[in-house]
Number of protein chains: 2
Amino acid sequence: MDVKEAKAKFIESWGKMASEWGINRSMAQVHALLLISPEPLTADQVMEELDIARGNANMNIRALLDWGLVHKQLRPGERKEYFIAEKDMWTVVRQIIINRKKRELDPMLRVLDEMAGVEENCPESEHFCTVVRDIRKFSHKASQTLDSLVKAEANWFTHTFLNMVR
Amino acid sequence: MDVKEAKAKFIESWGKMASEWGINRSMAQVHALLLISPEPLTADQVMEELDIARGNANMNIRALLDWGLVHKQLRPGERKEYFIAEKDMWTVVRQIIINRKKRELDPMLRVLDEMAGVEENCPESEHFCTVVRDIRKFSHKASQTLDSLVKAEANWFTHTFLNMVR
DNA sequence: TTTTGTTTTCAAAATAAATTGAAAATTAGG
DNA sequence: CCTAATTTTCAATTTATTTTGAAAACAAAA
């Protein structure tokens, strides 16, 4: 496999993986392209490289900025905007955790908390209350753990955590 | 909120959360229904409760069996199959980790490993190789960590890990 | 202010994914 | 071997999501 092939394959795979996650393919492919691009790119270059429409490129670059995975770069004397991906992998992972947690876990947590109110009726539906209580406990622990993970040092995950687990 | 309402809300929310994940709504709703049902249910009861078609119920119950989140129960003298959800939350989480890892992480790992071969050409595309190497390293660590997590004791996650993180 | 290069928006079209339901396959009992 | 109950399959349909592209908005320079 030569480098050009490998780059194409990387972009394709990153896109495929993301769509297993509920993140759309274009967003992931734009991310992959910017990740492996040593220089910042303009929206036009992204459109060109990935063969996607302007609106698509624009919306997904925007989403990546929101996620903190891509940064905007302005050049003096130029009107075009350049975009460069965050290259520090720990930061990348951290931002992904933050955003997915916000989207996937937090809403469920809120629902479970609302349900805590139902516990008064528990005697009449013990099983339901037990299940909800268990899930709620677990979810809160997971939430705290992710929060701590996000606050942790860059090397913490790779060094400390792994050693503890083994 | 009374218990009936709460149950409906739980099923709905579980379904919504799952679809943010790339797991289909019906599968999650069947799971939620079986989770909060104290008694095993038949496919017909699931269809009835969730108002979904037979094929849908069947395919998703089957998927949940594959994921190890639901167990089949046969009753002597009865032809119908009964289904009951795994109620131990640690087991549930473990099975979800195993299955999502298999689906989301492992394929990417394989692609990254294939790309390791490209490293020979690295001098001519240093940046690409660095990015791939970083992601590869990180992904392998994450993979090992998840494997360890899965092997860990039931209480490990909630007790040990959390204390370590704080 | 007008022109021009650039970004953003969003309705419509295309694509992808989930769901239905009827027919086929399977299985146990007679 | 039949019959009847049950489960599985899958083509067609429906629903949801993504993508397009042209028009509008915006912003810098003339």
Side-chain angles (χ1 to χ4, degrees), chain A residues 11-34 40-67 70-84 100 103-104, chain B residues 11-34 40-67 70-84 100 103-104:
Chain A
I11 291 171
E12 189 208 307
S13 307
W14 201 249
K16 201 179 294 163
M17 183 184 60
S19 52
E20 301 278 356
W21 285 23
I23 285 164
N24 85 46
R25 214 184 73 231
S26 297
M27 178 168 161
Q29 289 192 340
V30 173
H31 186 217
L33 174 64
L34 292 174
L41 301 179
T42 63
D44 286 284
Q45 290 175 301
V46 171
M47 286 167 59
E48 162 79 17
E49 285 282 339
L50 300 179
D51 193 29
I52 59 176
R54 181 173 303 287
N56 195 359
N58 180 270
M59 296 216 290
N60 286 305
I61 289 172
R62 185 150 258 292
L64 289 164
L65 288 168
D66 280 353
W67 278 51
V70 163
H71 308 291
K72 191 187 280 195
Q73 200 181 80
L74 295 173
R75 297 183 171 182
E78 280 200 69
R79 292 205 21 206
K80 271 192 160 60
E81 298 173 331
Y82 286 79
F83 302 96
I84 187 161
R100 293 190 69 182
R103 225 182 51 169
E104 299 176 10
Chain B
I11 291 172
E12 187 208 309
S13 306
W14 201 248
K16 201 180 293 165
M17 183 183 62
S19 51
E20 300 277 357
W21 287 22
I23 285 164
N24 84 49
R25 215 183 71 231
S26 299
M27 179 169 159
Q29 289 191 343
V30 173
H31 185 217
L33 174 64
L34 291 175
L41 302 179
T42 63
D44 286 282
Q45 288 173 302
V46 170
M47 287 169 58
E48 161 79 17
E49 284 283 337
L50 300 178
D51 193 28
I52 60 177
R54 179 173 303 287
N56 195 359
N58 180 271
M59 296 217 288
N60 286 305
I61 288 172
R62 184 148 259 289
L64 288 164
L65 289 168
D66 280 353
W67 278 51
V70 163
H71 308 291
K72 190 187 281 196
Q73 200 179 82
L74 294 174
R75 297 186 170 181
E78 279 200 70
R79 295 231 347 229
K80 270 192 163 53
E81 298 173 331
Y82 285 80
F83 303 97
I84 186 160
R100 294 191 68 182
R103 227 182 50 167
E104 298 177 11

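Computed from heavy atoms alone, side chains included, the values below leave out hydrogens, waters and symmetry copies. Protein chains get the first letters and strands the later ones, always in sequence-line order, with residue 1 at the start of each.
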Measure the shortest side-chain to side-chain distance between A:F83 and A:K72 over non-hydrogen atoms and say whether it is less than 4.5 angstrom. yes
Test of understanding: with side chain to side chain contact (heavy atoms under 4.5 Å, CB included), list the residues that count as partners of A:M59, not counting sequence neighbours. none
Under 3.5 Å, which donor-acceptor pairs do the side chains of residues 15-23 of chain B form with other protein atoms, sequence neighbours left out?
unit_1, atom_1, unit_2, atom_2, d
B:K16, NZ, B:E12, OE2, 3.2
B:S19, OG, B:G15, O, 3.3
B:S19, OG, B:K16, O, 2.9
B:E20, OE1, A:R103, NE, 3.4
B:W21, NE1, A:E104, OE1, 3.2

Counting any heavy atom closer than 4.0 Å, what does A:S26 reach on the DNA or RNA strands: base, sugar-phosphate only, or nothing? sugar-phosphate
What's the CD1-P distance between B:I52 and C:dA18, to the nearest Å? 14 Å
When you compare the protein's N or O atoms with those of nucleotides 7-16 of chain C, which come within less than 3.5 Å of each other, and at what distance?
unit_1, atom_1, unit_2, atom_2, d
C:dT7, OP1, A:E81, N, 3.0
C:dT8, OP1, A:R62, NH2, 3.4
C:dT8, OP2, A:N58, ND2, 2.3

Contact under 4.0 Å: A:N24 side-chain N or O vs D:dT17 OP1/OP2: no
Close side-chain approach of A:T42 and A:E81, heavy atoms under 4.5 Å: no
B:D51 CG to D:dT15 P, in whole Å, measures 13 Å
Between A:N60 and A:N56 (side chain of the first, backbone of the second, donor and acceptor by atom type, cut-off under 3.5 Å), is there such a pair? yes
Answer yes or no: is there a side-chain heavy-atom contact under 4.5 Å between A:K80 and A:D44? yes
To the nearest angstrom, how far is B:R103 atom CZ from C:dA17 atom C1'? 13 Å
Could you state the atom-to-atom distance from CE of A:M47 to C1' of D:dG21 in whole Å? 10 Å
Calculate the interatomic distance between A:L74 atom CG and C:dT6 atom C1'; express it in whole Å. 12 Å
Starting at the 5' end of DNA chain D, which residue's closest nucleotide do you reach first, A:I23 or A:G77? A:I23
